[in-house]
Amino acid sequence: MVLDAVLQETLTGLFPHGITRYLLGGVLIGLGVGFIYLATGLIPGASTFLESTWTYVSGLERFRDPSLVGTRDWRVVFTLGIVAGGAVYAVVFQGGIWTTSVQWWRLLAGGVLVGIGTRLGKGCTSGHGVCGLGSASATSLVNVVTFLAIAIGTAQLVNALGVTP
Amino acid sequence: MSRHPLFLPTVFVGGMIFGLGLGASHMARPEVVLDFLQFQDLGLVFVMGGAAVVSGLIFAFGQWSDGRAPLSGRSFGRRIRSFDRNVVAGGTLFGVGWGLSGICPGAAYASLGTGNYPILIAITGMFAGAYLQAHWRSNAEQPEPTHTSAD
């Protein structure tokens with residue numbers, strides 16, 4: 001049928017690599033969060049580590065906050081686990097290392113803004129996007145809609161200016 | 001709150017599953033995130049969506065069980081943050097950074113694990129950004145006895 005063909009073409013256009021690997025990866029991310037939650041009651045986001053780790057070396061007022069100092073040890077362990085999980089993926093499925101071609105200044109400037117924005121906004125893609133949405137938090141929904149819309153606009157603008165990758 | 005000896009090992013294993021998922025989903029590759037944001041491949045919807053649904057179901061189960069977490073004695077709660085304008089301002093800055101670089105914190109850690117050493121540039125930037133934010137916040141929270149700020 002013509003409709004089937006059109007639908008097929010549209011789906012291939014929107015999802016050129018299918019959806020299996022994305023869905024599988026998403027489920028694993030949710031299971032990682034859920035495993036920690038059921039065992040410890042913690043709801044781990046990834047970006048607080050960027051602040052809590054500073055508490056080991058900096059005396060800034062903000063870095064004396066008990067919510068950072070009191071959680072810094074398990075956040076280091078959580079992050080090391082994420083790095084190890086990435087390494088398992090590389091060894092078992094990727095068959096070696098892979099490196100990005102995105103230009104260094106994009107990584108650096110983007111990274112600084114991600115560091116400021118996730119801490120000011122109380123969370124990141126995992127804290128708000130996974131744990132917050134999973135908690136049906138209205139605050140998280142507002143944050144996710146905001147960062148998604150702005151990121152889409154930014155990426156399209158940068159691309160339109162001819163910067164690749 | 002006393003911690004079970006398996007507390008930190010459990011957090012590590014959970015982090016590994018989380019990182020494996022970030023690798024498998026290809027979200028640890030900035031190029032894939034940028035393709036998503038440019039509407040070249042919308043598959044990433046299923047990463048955040050799938051993860052939020054699975055964790056949401058597990059959170060709901062924990063609260064329904066009315067029990068306590070075995071390794072810490074904590075009760076099972078939800079991740080709720082208060083809303084203020086920082087949530088929008090921070091989301092905006094994060095959005096510009098994510099759209100520029102294609103990388104977010106968790107994906108950056110996993111990306112480092114996959115051998116993507118240039119991502120250290122982004123992680124260094126993230127630490128710098130977190131420090132700057134804390135520096136401004138520390139200054140802003142100094143008491144100002146003489147007058148009340150206009151905001």
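All values derive from a computational prediction rather than experimental measurement. In what follows, chains carry the letters A, B, and so on, assigned in the order in which the sequence lines appear, proteins first and then strands, with residues in each chain numbered from 1.
Nearest heavy atom pair, residue B:Arg79 against residue A:Cys131, reads CD-CB, 3.5 Å. Nearest heavy atoms, A:Thr99 versus B:Asn116: CA-OD1, 3.3 Å. Here the closest non-hydrogen pair linking B:Gln133 and A:Leu120 is CG-N, 4.0 Å. Pairing each heavy atom of A:Glu51 with each of B:Ala134, the nearest pair is OE2-CB, 4.0 Å. Scanning all heavy atoms of the two residues, the minimum distance from A:Gln156 to B:Gln38 falls at NE2-CA, 3.6 Å. Summarising the geometry of A:Gly25 relative to B:Ala24, their closest heavy-atom pair is CA-CB, 4.3 Å, with the distance given to 0.1 Å.
For residues 13-20 of chain A, the interface with chain B (any heavy-atom pair closer than 4.5 Å) comprises A:Gly13, A:Leu14, A:Phe15, A:Pro16, A:His17, A:Ile19, sorted by residue number.
Contact annotation for A:Ala136: both backbone and side-chain heavy atoms come within less than 4.5 Å of a heavy atom of chain B. Residue B:Thr124: no heavy atom, backbone or side chain, is found under 4.5 Å from chain A. Interface remark: B:Gln40 contributes backbone atoms only to the contact with chain A (heavy atom separation under 4.5 Å). Proximity to chain A is limited to the side chain of B:Val32, based on heavy atoms less than 4.5 angstrom apart. With a 4.5 Å cut-off on non-hydrogen atoms, B:Ser65 does not touch chain A at all. Both the backbone and the side chain of B:Phe39 come within contact range of chain A, with heavy atoms under 4.5 Å apart.
To the nearest 0.5 Å, the span separating CD1 on A:Ile82 from CG on B:Leu20 amounts to 12.0 Å. The structure places NE2 of B:His26 at 9.0 Å from CH2 of A:Trp98, a figure rounded to the nearest 0.5 Å. The CD1 atom of A:Ile36 sits 11.5 Å away from the OG atom of B:Ser55 when rounded to the nearest 0.5 Å. Considering CG of B:Leu57 and CG of A:Leu31, their distance stands at 10.5 Å, rounded to 0.5 Å. Here the CZ-OG distance, from B:Phe94 to A:Ser47, works out to 7.5 Å after rounding to the nearest 0.5 Å. Rounding to the nearest 0.5 Å gives a distance of 4.5 Å between CD1 of A:Ile29 and OG of B:Ser25.
Not counting sequence neighbours, B:Tyr109 has no partner by the side-chain hydrogen bond (donor to acceptor under 3.5 Å, both in side chains) test.
Side-chain atoms of A:Lys122 do not come within 3.5 Å of backbone N or O of B:Asn86 as any donor-acceptor pair. A donor-acceptor pair under 3.5 Å is formed between the side chain of B:Glu31 and the backbone N or O of A:Ser101. Remark: the backbone N or O of B:Ser138 is not paired with any side-chain donor or acceptor of A:Arg62 at under 3.5 angstrom. A donor-acceptor pair is defined here as one N or O able to donate and one able to accept, closer than 3.5 Å; no such pair exists between the side chain of B:Ser101 and the backbone of A:Leu107.
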Start with the C-alpha gap between A:Leu148 and B:Trp98, add the side-chain angles, then the distance that decides, and say whether side chain to side chain contact (heavy atoms under 4.5 Å, CB included) holds.
CA-CA 9 Å; A:Leu148 259 181; B:Trp98 197 38; 3.9 Å; yes

Any chance you could lay out the salt bridge (charged side-chain N to carboxylate O under 4.0 Å, His left out) test for A:Asp73 and B:Arg3, step after step, and finish with the verdict?
CA-CA 12 Å; A:Asp73 62 342; B:Arg3 278 180 178 178; 2.8 Å; yes

Passes side chain to side chain contact (heavy atoms under 4.5 Å, CB included), A:Val142 versus B:Phe83? Steps please.
CA-CA 9 Å; A:Val142 171; B:Phe83 182 82; 3.6 Å; yes

Full working for ring pair (Phe, Tyr, Trp, His ring centres under 6.0 Å) between A:Phe49 and B:Phe127:
CA-CA 9 Å; A:Phe49 166 78; B:Phe127 271 114; 5.6 Å; yes

Derivation of the side chain to side chain contact (heavy atoms under 4.5 Å, CB included) call for A:Thr139 and B:Ile80
CA-CA 7 Å; A:Thr139 296; B:Ile80 303 296; 5.8 Å; no

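No option in B:Phe7, B:Phe18, B:Phe12 other than B:Phe18 meets the ring pair (Phe, Tyr, Trp, His ring centres under 6.0 Å) test with A:Phe78.
Relative orientation of the B:Phe59 and A:Tyr37 rings is tilted, given thresholds of 30° and 60° on the angle between their planes.
Using a 4.5 Å heavy-atom threshold, the side chains of A:Arg75 and B:Val11 count as separate. You'll find the side chain of B:Thr114 reaches within 4.5 Å of the side chain of A:Tyr89, heavy atoms only.
The residue among A:Thr146, A:Thr100, A:Asn159 with the most heavy atom pairs within less than 4.5 Å of chain B is A:Thr100. Comparing A:Leu157, A:Leu50, A:Leu42 by heavy-atom pairs within less than 4.5 Å of chain B, the highest count is held by A:Leu50.
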